[in-house]
Number of protein chains: 2
Amino acid sequence: MPRPRTHDEALRGRLLDRAGELLSQEGAGALSLRRLATDAATSTTAVYSLFGGKPGLVRELYVEAFHRLGTRLRAVAATGDPAEDLVRLGVAYRASALADPHLYAVMFGGAIPGFDPDDAAVEHSRAALAPLLGVIETGVREGVFTDTDGTMAVGCWGIVHGLVSLELLGNLPPGLDVAAAYERALRANTAGWTRPTGT
Amino acid sequence: MPRPRTHDEALRGRLLDRAGELLSQEGAGALSLRRLATDAATSTTAVYSLFGGKPGLVRELYVEAFHRLGTRLRAVAATGDPAEDLVRLGVAYRASALADPHLYAVMFGGAIPGFDPDDAAVEHSRAALAPLLGVIETGVREGVFTDTDGTMAVGCWGIVHGLVSLELLGNLPPGLDVAAAYERALRANTAGWTRPTGT
DNA sequence: AGCGGTTTCATAACAGCGTCACGGCTGGTA
DNA sequence: TACCAGCCGTGACGCTGTTATGAAACCGCT
């Protein structure tokens, strides 16, 4: 009979914790299997037993990262105004990215060369954005937003991700008040999807 | 007297051409100095003489990439309607990125680990976006756009870059008509910056 | 209790990477 | 013509992810 898989859960946790620390504190370049194994008092082979290799390990960090992002987005309280909620979601998204830029780079920046998320992992990324879809659906139902086919969610995700990416990569003009510009850009984009009312 | 620098311009051109080919055809992972040197019938040391190292070589590709992007954007003819021009610029931007995704990854994706563009290189990126600034300025002067402090350009660049990034990384939902959704999202965002007129 | 099959993980090696010290060759300068 | 700064080929160093090998630990079974 094949012995059931009895991986060392403590070792697994240690590796994942330390990998997250290395990534967050020193960036993707510092996340090498040898250093990770040394820091976790094991050898590089353990990573292959537990995760199948470096990409498998990074996949866990990737999924965890979207889990955290989803938690932060779900924590945004509804104000009753879908347009306002949308902007607040965007602000929370940016805060999450700025809180751990290297982790954000793993999610969207292709920071680790050998790693490409599979479809199942990408599914986690979409699940994290459920609050965005919820707010838009509410707004459409209330007649505030004009979206008909889900394109609005794509557009909102696009501008949020794009601005955060540009900021993290240092491509925004120096001296710009990023927080203010970010919020204004989000409000403008939201306005473009908002049904004109007699305000 | 020190002899003036008499770099082998032919060798320099061969290296840059082949580096661009390797990057475009097989991605950032295929761009190794050893392979590049072999393909160009030289040795890796030549890259250090001519470019100072791999980051220096990639810097040339980076600048060239923005030069091409700028050329494509400048080729977009003005229609007289700034809002329409803005969308067309966005479409040209996407076409440029899709034409060479790996090159786009060098520009914005951090595809090559050791490479971070210096300020002068980043300046080239902003220069390539001059047509965007021009269209917005025209729109503001004509009273079509409501931007006052340049935030609109940041927002437009953000949504364009964000959507293109998500598309290239495979994060958009499968089955989506990307071209149509992209253009609709751009029109909505533009509408959010457009002064309401009695249409 | 003790055995056998199976998995985990340490050791050590391999190929590939960017980088650089060394040194021969080249070609403009004096 | 003699010189010598600069280019670039050779070879090495330390790093990376990966893997073949083998010992030890563990499970279910008799």
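Residue numbering restarts at 1 for every chain, and letters A, B, ... go by the order of the sequence lines.
A sub-4.0 Å separation between OP1 or OP2 of D:dT19 and a side-chain N or O of A:Y48 is absent. Of the side-chain N and O atoms in A:T45, none sit less than 4.0 angstrom from OP1 or OP2 of C:dA10. Between A:S43 and C:dA10 there is a side-chain N or O to OP1 or OP2 distance below 4.0 Å. B:T42 has a side-chain polar atom (N or O) that falls below the 4.0 Å cut-off from OP1 or OP2 of D:dG9.
Taking the six-membered ring where the residue is Trp, B:Y93 and B:Y104 present perpendicular rings, their angle passing 60° and hence far from 30°. Ring geometry for B:W157 against B:F108 counts as perpendicular: the plane angle is over 60°, on a 0 to 90° scale with 30° as the lower cut.
In this structure, the CG atom of B:L50 is 16 Å from the C1' atom of C:dT19, given to the nearest Å. Straight-line distance from the CD atom of A:E9 to the C1' atom of C:dC9: 15 Å, rounded to whole Å. Counting to the nearest Å, the C1' atom of C:dC17 and the CG atom of B:L22 are 15 Å from each other. The distance between atom CG of B:L33 and atom C1' of D:dC8, rounded to the nearest whole Å, is 14 Å. Spacing between atom CG of A:L57 and atom P of D:dT18 amounts to 10 Å, rounded to whole angstrom units. Taking atom CZ of A:R35 as the reference point, atom P of D:dT16 lies 9 Å away to the nearest angstrom. As a whole-Å value, the separation of B:K54 NZ from D:dC15 C1' is 14 Å. Protein atom CG of B:L11 is 16 Å distant from nucleotide atom P of C:dT26, rounded to whole Å.
By the 4.0 Å N-to-carboxylate-O rule, B:E183 lies too far from B:R88 to be salt-bridged with it.
If you check every strand for non-hydrogen atoms under 4.0 Å, A:L31 touches sugar and phosphate atoms only. Using a 4.0 Å heavy-atom criterion, one finds that A:L36 contacts no nucleic acid atom at all. Nucleic acid contact class of B:P55 (heavy atoms, under 4.0 Å, all strands): sugar-phosphate only.
Of all heavy-atom pairs between A:G80 and A:D85, the closest is N-OD2, 4.0 Å.
Closest to the side chain of B:R34, from the set D:dG11, D:dG17, C:dG18, is C:dG18.
In this structure, a donor-acceptor pair under 3.5 Å is present between the side chains of A:D149 and A:T151.
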